[in-house]
Each structure stands twice: as C-alpha cells, then as structure tokens.
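Here is the structure we will look at, set down as structure tokens.
Per chain, numbering begins at 1; letters A, B, ... match sequence-line order.
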Protein chains: 2
Amino acid sequence: MNSDFRMPTQADVARLAGVSTATVSRVLNNRGVITPDVRKRVLDSINTLNYIPHAGARALAMQRTGTLGAIIPSLNNAIFAEGIHAFEHTAQQLGYTLILSVSQQDPEREQALVTKMIERGVDGLLLVGNHHDDTVFDRLERAGVRHVCTWAYDEQSRAPNVGFDNATAMHAVVDHLVVHGHRKIAMLAGITEFNDRAADRIKGAQHRLNSHGLSLPDRQVFQVPYSIRESRQALWSAIDSDISALICGNDVIAFGALLEAQKTGLRVPDDLSITGFDDLSLSAEMSPALTTVQVGAASMGDTAARRLVAAVEGKLAVVSAKLDTTLVVRETTGPCTVFNRH
Amino acid sequence: MNSDFRMPTQADVARLAGVSTATVSRVLNNRGVITPDVRKRVLDSINTLNYIPHAGARALAMQRTGTLGAIIPSLNNAIFAEGIHAFEHTAQQLGYTLILSVSQQDPEREQALVTKMIERGVDGLLLVGNHHDDTVFDRLERAGVRHVCTWAYDEQSRAPNVGFDNATAMHAVVDHLVVHGHRKIAMLAGITEFNDRAADRIKGAQHRLNSHGLSLPDRQVFQVPYSIRESRQALWSAIDSDISALICGNDVIAFGALLEAQKTGLRVPDDLSITGFDDLSLSAEMSPALTTVQVGAASMGDTAARRLVAAVEGKLAVVSAKLDTTLVVRETTGPCTVFNRH
DNA sequence: CTGAAAGCGCTAACAA
DNA sequence: TTGTTAGCGCTTTCAG
C-alpha cells in the first residue's frame with residue numbers, strides 16, 4: 001500500500017484539462033451543454049489520471065447517495081437470499097448500490113441498523129415484514145427516507161408494502177387439504193416472536209380451517225426454527241395426535257418433516273400429507289416433490305427496488321404492490337386415508 | 001414525506017448545547033478530554049434533536065467510511081450466502097457496514113463494480129476467487145483499498161487470500177474413492193469459464209487420480225451450471241461410460257445427480273458412489289446423507305472480515321489465511337462393486 | 001478543556 | 001458555454 005499518495009480529484013482533472021471543476025462536474029453528470037472539444041479534453045484527463053469521483057463528497061453536495069439499503073432477518077435462508085439477489089440486481093441495473101445488513105430478528109439490532117442506514121444516507125430502504133419498532137418508522141419518516149416493507153401485505157400497515165398476504169396465502173393450502181378429506185391437521189410453524197409472517201401463516205391456517213367447520217387448536221401448532229434438524233424432531237410432537245396432514249411454515253421445515261417421515265417408514269402422502277411454503281428450487285426436484293406455496297421472492301425483490309427508486313426519483317411516496325401467491329400441488333399431498341395409524 | 005425539512009446537523013446540536021461543533025465532534029468520537037457537564041449537555045441535545053451524523057460528510061473529513069465491500073458471483077448459492085452472512089455479521093460486530101454487489105461471474109461487470117466500490121470509499125473489499133482482471137487489482141492497489149480474495153488459496157496469487165486450496169481439497173475425495181476400489185470415475189464439475197475454483201477442483205481431481213496411476217480424462221468431465229435441474233440431465237452423460245463413482249463440483253450438483261440416480265433405480269452408493277463439495281446443511285440430512293467436502297464458509301467470511309479490518313485499522317497489509325477443508329464421509333459413497341451395470 | 005477556522009471533494013447558483 | 005464562489009456536514013490543527 002503506497003502510503004502518502006493522494007487519489008486524483010476533480011481539481012486535478014480540471015487543471016490537466018485546463019478547465020474549471022464546474023465543467024468537469026458538468027461532463028461527469030451530463031448537465032448543461034459542453035463544447036465537444038472541452039468534453040473530450042476532460043474525458044481524456046479523467047482517463048490519464050484514472051480519476052474516480054468521491055461518492056461521499058458528491059452525497060454531501062447533492063442530496064442523495066445512489067444507495068439502497070436492505071435490512072433482513074437472515075441470509076442463511078434461501079428465500080431471503082433469492083429476494084435480495086433480485087433486489088440487488090435491479091438496484092444495480094437502475095444505478096444504485098446495495099447496503100445490506102442482517103438483523104437476526106432482533107428488534108434492538110434492527111433499530112440500530114436503521115439508524116446506521118440513515119447515517120449512510122440511503123435513498124431507499126427495504127425492510128422485511130410489517131412488525132417493526134415504532135421508532136423505526138418515526139426515524140425513517142423524519143429523515144425522509146423512503147422505505148418499503150416486504151414479505152407481507154396489509155392495507156393497514158404504516159409503511160408501504162411490496163409483498164403478499166401471508167394469512168390469505170394459507171387459504172389455498174387449507175382448502176386443498178380439506179378437499180382431499182383431511183380433517184385432523186397439525187402445523188409446524190416458524191417461530192412467531194418478532195416474526196409477523198410466521199404468525200400470520202398460523203392465523204391464516206386456523207381461520208380458514210374454522211370456516212370449514214374444522215379447527216387447528218394451538219396445541220397442534222408447533223413453533224420450530226427454520227432448520228431441517230430441528231424440524232425433524234418436531235415432527236414427532238406433531239404426529240403424536242393422529243393427524244393425516246401437516247402444514248409447514250416454510251419449505252425448510254417441510255424438508256425436515258418429510259425426511260424424518262421417510263426415515264421412519266411413514267409414507268408420504270399416503271400416511272401423511274405435507275405442505276411447505278416458499279417453493280425453493282429444490283422443492284420441485286425432491287421426491288416426492290413438495291406441495292408448497294410459491295411466493296415469487298425474485299419478483300418481490302425486483303418490484304421493491306423499482307418502487308423505491310421510482311419514489312426517490314419522482315419525489316413521491318412509495319406505492320404498494322400486492323403480490324400473488326399460488327399453491328403448487330405436487331406429490332407430498334394426497335387424499336386422506338383415515339385410520340391410517342394408531 | 002415532509003418536503004422541505006432539514007435534518008438536524010452537528011451545528012444545531014452545538015447551538016442547543018451552547019458549545020462549538022468541534023466539541024460535539026469530540027464527544028461523538030471520544031476524542032480528547034471533555035468536562036462531564038459539557039458532555040452531558042451535548043448528549044442531551046443530540047437526543048432531543050434526534051441528531052444522526054452524516055456518514056458522507058464524515059467520510060469526506062476523515063479518510064475512511066467504515067464500510068466493507070463484497071463482490072460475489074451470486075447469492076442464489078447457499079454457500080455464498082452463508083459466507084456473506086458471516087462476513088456481514090463480523091463486519092457489523094466490528095462497527096462496519098456492508099456494501100454488497102453481485103457480479104454474476106461477468107468480468108466486465110465486476111470491473112465496473114470494483115470502481116463503484118472505490119467511489120464509495122470502502123475501507124476493505126472482499127472478492128471471490130483469484131481470477132480477476134488485472135485492472136481490478138491495479139485500481140484497488142492504486143486507490144489503497146485493502147482487499148482479499150476468498151474461496152481460494154494460492155501462494156502465488158497477487159492479492160492476499162483467505163480461503164482453501166480447491167485443488168488440494170479434491171485429494172481427500174479421490175483418495176477416499178480409490179481406497180474403496182473405484183477405478184472408473186467421472187466428474188460433474190462447475191462451469192470453469194471465469195471460475196478458477198471450479199477449474200481447480202477439476203485439476204485437483206485429475207492430478208490426484210494420476211498419482212494413483214488412474215485418470216480422469218477430459219471427456220469424462222462434464223461442466224454443468226450449479227443447478228439441480230441441469231445436473232440431473234448431466235448425470236446421463238456421465239454414467240454413459242460405466243463408472244462406479246461420480247465426483248461433483250459442489251453439493252447442488254450432487255443433489256441433482258443423487259435425485260436422478262434414485263429416480264432411475266440406481267442404488268447409491270451400491271451402484272454409484274457420489275461426492276459433493278461445500279457441505280450444505282441439507283447434505284447431512286438427506287438420505288442417503290451426502291459424502292462431501294466441508295469448506296467452512298462461515299469461518300471464511302468471518303476471517304476475511306477480521307483480516308480486512310485489522311489491515312485497515314493497523315495500516316498494514318492484509319495477511320492471508322489458509323483454511324482447511326475436510327472430507328465428511330457419509331452415505332453416498334461405498335466400496336466399488338465392479339461390473340455393476342451394463 | 002474548548003473555540004475558531006480551514007478544508008475534505010463535489011455541485012449549484014450566479015455571473016460573465 | 002464556461003468560470004467563480006459558496007456551501008453540503010464533519011473533523012482537525014492551532015490558539016487560547
């Protein structure tokens with residue numbers, strides 16, 4: 001690392017090209033009209049000096065940074081990774097850079113990260129879920145940072161949403177199961193603390209079952225971390241009661257349940273129907289292929305980025321987008337064969 | 001969005017507290033000694049004004065941003081997501097913010113992204129693999145941005161490495177297979193264009209096989225994208241020759257091969273042994289559980305962040321770290337039962 | 001221990 | 001069409 005070497009600045013470029021810094025700035029930002037000859041001289045100087053503008057200085061002078069922030073619960077969850085991948089891709093395409101932080105579902109950490117994002121001057125911010133500390137929204141609104149909550153959709157939410165209704169998404173699952181004759185159903189849900197999506201999925205399943213004259217009592221809802229290992233164990237609690245179908249909070253949980261079921265000789269779907277949520281790419285490939293809910297994480301990330309940028313550049317409010325989910329029926333669900341065990 | 005509202009600045013805080021901005025800056029950065037009373041007044045003012053410092057301005061005045069950059073090929077690959085998750089976690093812990101960009105294995109895009117990173121003034125940058133455009137390193141060195149290449153380890157590399165030797169990592173796989181009597185082996189490798197890790201894994205397997213007096217001719221090496229679907233198809237090309245073992249470039253490819261093998265009634269490992277690379281969390285859980293190479297993506301991300309920060313704060317060069325890989329023998333490999341098919 | 005003032009690199013009026 | 005001149009918000013000598 002050559003120690004005391006100064007990166008060339010706009011002033012250096014200006015000097016070399018024999019123009020003012022204002023002119024350099026102009027050609028850099030395509031502002032105003034510039035004599036072809038001058039523009040060429042500037043461009044040449046930039047090249048020979050290997051000049052790279054200083055984003056911090058620019059951010060100070062203009063009122064924007066050209067960055068989009070995202071605070072997500074985790075990256076070790078393929079579905080978030082997929083959503084962020086798309087978000088970054090679109091952001092990049094629109095000329096924005098991504099600043100990414102992981103909250104680990106910790107509200108305090110999230111709050112601190114939001115402040116960090118404001119410090120960094122992100123032009124827009126993506127959040128996951130609608131459940132956030134009030135101060136999060138207060139700060140964001142106060143700072144005038146456009147933001148959007150994803151992975152959820154609720155008309156009542158304080159912030160704009162780009163996502164789907166987790167509760168409603170469960171309706172199709174329940175209907176599918178009920179139509180196939182399932183009456184006793186359990187659920188391996190995600191952990192609901194600080195996770196409104198997981199909670200909504202439970203509520204959605206329960207309500208829909210109720211409307212069919214059935215029920216999913218709380219004691220048949222088991223909260224498990226999004227981990228295959230832990231999900232395998234949870235299967236045992238779930239099948240203690242003689243259920244014929246198992247609704248899982250997401251695909252990873254479903255993988256665990258399926259693997260464990262297979263290992264113990266339980267036939268899926270003959271002895272037990274299993275459903276997932278997310279439709280990871282693996283879900284279609286495994287065998288039996290997983291019946292699950294497709295959420296379109298990629299298009300969610302893409303849409304979130306577009307709406308955010310549109311709002312920033314148009315100086316408007318972010319407009320919400322309600323995304324659809326679709327039940328993908330595959331091989332882990334089938335007709336209920338009652339009295340199958342016990 | 002309240003339109004023309006100005007975020008409170010340090011000057012506002014100073015005014016309210018009845019001190020100079022210099023003093024505010026001092027308490028903010030714990031520099032020098034400050035009278036307790038003054039400190040309290042400043043802190044109070046900060047609170048009542050909800051003052052949030054401006055990172056851009058600070059970056060301009062100091063010579064650092066408190067950000068770490070990372071440019072990775074993709075996020076839709078669980079192993080990269082895991083590595084970045086750890087990188088971000090450690091960075092956050094050390095007080096740094098992550099700026100993340102995805103290159104999609106495109107050298108031109110990568111080059112542009114590196115420039116973007118320099119613009120943003122990242123204090124350190126994580127790259128994947130050792131194969132990068134010369135201008136990438138030129139620019140980075142010129143700008144004095146510490147950087148580290150991960151997911152690879154090569155004494156000869158131009159940049160510091162935090163990673164493992166992909167070629168050597170294959171030795172254990174080959175040895176394991178050979179010891180079990182396998183002689184005819186094929187490989188489903190990753191696509192080697194712009195991917196030195198994939199290429200090294202092939203070379204590693206070939207060399208080691210050679211040293212056993214065996215060989216892995218190029219025509220038995222099939223390059224496939226890191227996708228289950230595509231890998232399934234590739235299996236057919238591979239087993240055309242009557243091999244008894246299949247080395248896969250990573251776990252995802254192995255999943256595909258395994259799934260397809262099972263589907264067609266090929267018994268694993270009796271009819272065909274299969275190995276992976278990465279040791280994704282799923283690999284241990286599936287059945288048969290996958291024999292694979294554990295790479296410790298998390299500790300790689302963690303170490304990369306620490307080394308980068310140490311170099312930045314100590315004004316030193318980044319020091320490389322050679323990480324170990326370990327073969328995890330599970331159930332997809334077994335003794336060779338020759339003449340098993342055809 | 002604290003304040004005044006210069007300046008980090010860039011953009012945006014305002015003149016010319 | 002281009003140059004001059006203020007800042008943008010913060011840190012940092014240098015005085016006091």
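- No salt bridge links A:R58 with B:E119; every basic N to acidic carboxylate O contact stays at or beyond 4.0 Å.
- In this entry the distance linking CG of B:N30 with P of D:dT11 reads 12 Å, nearest Å.
- Using a 4.0 Å cut-off between a side-chain N of Lys or Arg and a carboxylate O of Asp or Glu, B:R158 and B:E141 qualify as a salt bridge.
- Between B:V33 and A:T9, the one whose closest nucleotide on DNA chain C sits nearer the 5' end is B:V33.
- In this structure, A:E119 places its CD atom 10 Å from P of D:dT11, rounding to the nearest Å.
- Separating the CZ atom of A:R41 from the C1' atom of D:dT1 is a distance of 12 Å, rounded to the nearest angstrom.
- Relative orientation of the B:F137 and B:H147 rings is tilted, given thresholds of 30° and 60° on the angle between their planes.
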Would you be so kind as to tabulate the donor-acceptor pairs closer than 3.5 Å made by side chains of residues 35-43 of chain A, with sequence neighbours excluded?
| unit_1 | atom_1 | unit_2 | atom_2 | d |
| --- | --- | --- | --- | --- |
| A:D37 | OD2 | A:R41 | NH1 | 2.9 |
| A:K40 | NZ | A:D44 | OD2 | 2.6 |
| A:R41 | NE | A:A17 | O | 3.1 |
| A:R41 | NH2 | A:A17 | O | 3.1 |

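- Taking atom CD1 on A:I34 and atom C1' on D:dT1, their separation rounds to 9 Å, with Å as the unit.
- For DNA chain C, the neighbouring residues in residues 10-29 of chain A, judged by any heavy atom under 4.0 Å, are A:Q10, A:T21, A:A22, A:S25, A:R26, A:N29.
- Panel note: side chain A:N77, backbone A:I79; a donor-acceptor pair is recorded below 3.5 Å.
- Considering only residues two or more places apart in sequence or on other chains, B:D302 meets the salt bridge (charged side-chain N to carboxylate O under 4.0 Å, His left out) condition with B:R306.
- Distance B:R31 CZ to C:dT2 C1': 16 Å, rounded to the nearest Å.
- In this structure, A:Q63 places its CD atom 12 Å from C1' of C:dA12, rounding to the nearest Å.
- Residue A:A57 has its side chain nearest to C:dC10 when only C:dG7, D:dT2, C:dC10 are considered.
- Put simply, CG on B:L60 is 10 Å from C1' on D:dT11, counting in whole angstrom units.
- Rounded to a whole Å, the CE atom of B:M62 is 15 Å from the C1' atom of C:dG7.
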